[in-house]
Amino acid sequence: MPTHRVHFQPVDIDIDVNEDETVLNAAFRQGVSLTHGCREGQCSACKSFLLDGDIEMEKYSTFALPEYESEEGYVLLCRCHAYSDLEVELINYDEDIIRLGIPIESYRTIVEAIEPLTRDIKRLVLKLAEPGKKMRFNAGQYTSLRIPGSEEYRAYSMANTPRSSDRLEFIIKVFPGGLFSGLLEGGITVGQEMEAKGPYGLQAP
Ligand code: FES
């Protein structure tokens, strides 16, 4: 898979991007904490200006990036694939945290517990499957949990103590028919494997 170099101005940070990943995901993977929100081209939090290079964008909402802005050169980094080296000017960024990013990784986990806390709220505990493996994260960050049997993910904030852990705990409200939360009523069982990707969300300075 061809790889390209992306240089972010004015922070003077370089990352490598494969053509099959978005620029935002490549930055996450390399511990560069870019400002983001929905990661689905809906909110415009990742909007930046393309100074140079060839890109293609996945589908996005024109509320997040109106046509006239796209014609001027604005892009959504969460939808953007690089097909050459890029020069990108960041619009929203925090100089104090951009370099403090914890690289985002995909973790294999095992469901350790699913407990009812109230009639419609469950506590889900996942243990990282690889011995000795831990996920570092900060308060307020979240993880994307893959819906078993699908390519879709749902995001939940960690409810356990931050920093570094071989366990991830979540407090999840169950919505009837919810693609992930609905499975907590018997569709997911203790001992089952599950993929967790993270940590996402801005990091504490
Ligand atoms: S993060 Fe929301 S549009 Fe990119």
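Numbering of ligands and ligand atoms starts at 1, following listing order. For this chain, numbers begin at 1 and follow the sequence in order.
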Checklist entry - Would you say Ser44 touches ligand 1, if touching means a heavy atom closer than 4.0 Å? => result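 Flag set, Ser44 near ligand 1.
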Item to check | Ala64, portion touching ligand 1 at heavy-atom distance under 4.0 Å | outcome: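 Looking at Ala64 and ligand 1, no heavy atom falls under 4.0 Å.
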Checklist entry - For ligand 1, does Gln42 get within less than 4.0 Å through its side chain, its backbone, both, or neither, judged by non-hydrogen atoms? => result backbone
Checklist entry - Going through the distances and angles, do Tyr142 and Phe137 end up as a ring pair (Phe, Tyr, Trp, His ring centres under 6.0 Å)? => result CA-CA 8 Å; Tyr142 63 94; Phe137 63 91; over 10 Å; no
Out of all atoms in ligand 1, which are within 4.0 Å of some heavy atom of [X]? Include the element for each.
| X | result |
| --- | --- |
| Cys38 | 1 (S), 2 (Fe), 3 (S) |
| Cys43 | 1 (S), 2 (Fe), 3 (S) |
| Arg39 | 1 (S), 2 (Fe) |
| Gly41 | 3 (S) |

Checklist entry - Are a donor atom and an acceptor atom from the side chains of Arg99 and Ser33 found within less than 3.5 Å of each other? => result no
Checklist entry - Once rounded to 10 degrees, what value does the angle at atom 4 (Fe) of ligand 1 take between SG (Cys78) and SG (Cys46)? => result 100°
Next on the checklist: Less than 4.0 angstrom from a charged side-chain N to a carboxylate O is my criterion; do Glu151 and Arg146 meet it?
Outcome noted: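 Yes, Glu151 and Arg146 are salt-bridged.
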Checklist entry - Is Glu40 salt-bridged to Arg79, cutoff N-O under 4.0 Å? => result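 Result for this pair is no, no salt bridge flagged.
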Checklist entry - Is there a donor-acceptor pair closer than 3.5 Å between any side-chain N or O of Gln30 and the backbone N or O of Ala26? => result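 Yes, the answer is positive, given that a donor and an acceptor are paired below the 3.5 Å cut-off.
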Item to check | Side-chain heavy atoms of Leu24 within contact of Leu34, under 4.5 Å | outcome: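 Sidechains of Leu34 and Leu24: in contact.
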